[in-house]
Amino acid sequence: MTPAAAKTAARTYGVYRPVLPVTSPRHPDRMVYTGDADGRCEIFTWDRSTGAGRQLTDRPHGTLLCAIDEDEAVWWFDEDRGGSGCWRTQHFDGGPDRPALTGVPHGRPAGLALAAGGAVAVGIRTSEGLSVHLGRRGGTGTPVLRTTDSGTLCDLAPGGGLLAVSGPAHSARAVTLLTPDGATVAVLSGTQERTWALGFAPATGLPLNPAPAPGRPLLLVMREREGRYHLGTWAPGRGLELLPWCSFDTEIAARWYPGPGGTRVLVRQDRHGRSRLFTADLDRGELVRLPSPEGSILDAFPAADGDVHVIWTDAVSVPRAMSLSGAQLPGQSQWRLPRFGHRQNLWTPGPDGPVHTLVTTPADRPAPYPLILLVHGGPADHDRDAYDPMVQALVGSGYAVARVNYRGSTGYGPRWRSAYSEGVGHTQVADLVRARAELLERGIGREGSVGLCGTSWGGYLTLLAMGTRPELWDVGVAVKPLADCVTAFRHSTPALQALDTALFGGTPDEVPDAYAHASPSSYAAAIRSPLLVVAARRDVKCPPEQIEAYLDVLRAGGVAHELMWLDSGHDGYDGADHLAVIKRSLRFLGRGLPSAPVRAEPPPHQERR
């Protein structure tokens, strides 16, 4: 799993955040994985052939990212509470841990690539931008790239002769290929059609005819064209070749199969809140759907033995690692978590197509219910048929929960993803309002007892909705939100500044009205209902300075609110913080919607096995 995907899982699933086991390239029975250690994420090893396992890391605030190289050295990212750190290694069987590469600055992870033959590339993001370093484990990292542009290391070619760096998918440097001395070999632009790099072909079995020239490995890419996502391959000197038989109407992720005959690709499609798996055979030009349980696959990895490992979940099943062949995998949750409610799908007419809402209602009492719209983050994300502790805690407390995949969400195609016809934020709020109206009309929720709750971008939409349509909401909880767009930009990372620049059409100095129109702080004084703001002191994505700017507006307007500060970053790996937020939110929502039962903490489900 990529660092970005892993952090998304950590942000979303709270108490237990599984990451797929990573297998040794030479010994597939030897795996490393992120598991639960008393409510924290930590790194574990497991040998399937012997059943032996051990906890490798033990840090106060958890550890999430890990990998294993061909010499069976386990890599793990040693970060502080603010998310900055460096890679360290320790042998699978134990021993001291050491810095993975010397000479690499501390920063935030921006890609790790381990190539056959021992070469390794590390991407690190600091306040000065992105740097990519090449070397061998335990040695000195040589800088290959330093740039202030937004980007991430994608992959290192077999043998270490070529690096792929991903920029923003819409940018002129969506994909850049570099030699080990830092020379640019080729650039693939995404200005006309958004483009993503997905990884180099394995060393054995190069696909397609004609094969790329020696020393020019084949890169798997995805390109958005005519409302669909197309897989393709690219190598210097042969150009980009899209596969017309391998295109999808909604977002996909893809990986090469490892090992001999590397002509197949595993494709995972996110579609309408659920997932599908496919195998694409590039030699035969065939796309075959794989059988998988209904629900959501958060990550999928093709094993060297031909098996497929996945992280699977649905609305009442805790995310867990599983094998499609039925083989045993490590990393199961030690927590007994609740399973409440009835599920249904709602499709509400809208100007750009129907808005999909996942609704969960209490099973032990009749409608109508006090209603919570639980707003997902992103904006490039979506709510899934997936387990969420907050949903279960709310439903177990008597609320109906609606999760709205508003315009801008992934999983519904490029047109839906780029639909901002009513302006940034306001388009999404309009969809929340439409969903609210239908939920009340159908008798699921009741007037006078409707709340909003969201985290990150979901927290931003909660604040914006409460300020722009204050008469509709009776209580709100915003966790680590974007609250003041201009201040957030000034104190944000280069990657997020690039995202804002693309979203708003410029910087705050270039398009100040666009930022003001979208900023919750512009409307904060109009809020009428109780509001809880949860913020993090070490948050670099939604920095504390912009929270303070928003709070100043609330205080000046005399708006009643409560505030909870966490001593953490935006993405926490310690379940105690997540549970503290759930408890505080439940108490606050219970007071704001007095017709609902008030619980001081989530339903009693935290007994260990």
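Treat the numbers as computed from the prediction; the structure is a model and nothing was measured.
Ion pairing of D93 with R30 is present here, as a side-chain N (NZ or NE/NH1/NH2) and a carboxylate O approach within less than 4.0 Å. Classification of R81 and D577 as a salt-bridged pair holds, one side-chain N sitting under 4.0 Å from a carboxylate O. The pair R538-D567 counts as a salt bridge, with a side-chain nitrogen and a carboxylate oxygen less than 4.0 angstrom apart.
Contact check for S131 versus L145: no side-chain heavy atoms found under the 4.5 Å cut-off.
Within a 6.0 Å radius of CD in Q55, more than 12 heavy atoms belonging to other residues, nucleotides or ligands are found. Residue R54 qualifies as enclosed at atom CZ: its count of foreign heavy atoms under 6.0 Å is above 12. For H491, the NE2 atom sits in a packed shell: over 12 heavy atoms of surrounding residues, nucleotides or ligands are nearer than 6.0 Å.
Side-chain contact of T191 with H170: a donor-acceptor pair under 3.5 Å is absent, judged by distance alone. In summary, the side chains of D381 and T410 do not present any donor paired with an acceptor at a separation below 3.5 Å, with no hydrogens or angles considered. Side-chain contact of D307 with S323: a donor-acceptor pair under 3.5 Å is present, judged by distance alone. Looking at H376 and D383, their side chains never bring a donor and an acceptor atom within 3.5 Å of each other.
Between Y229 and F248, the ring center distance fails the sub-6.0 Å criterion.
Using cut-offs of 30° and 60° for the angle between ring planes, the W87 and F77 rings count as perpendicular.
When the ring-ring contact (aromatic ring centres under 6.0 Å, His included) test is applied to W76, no partner is found at least two apart in sequence or on another chain.
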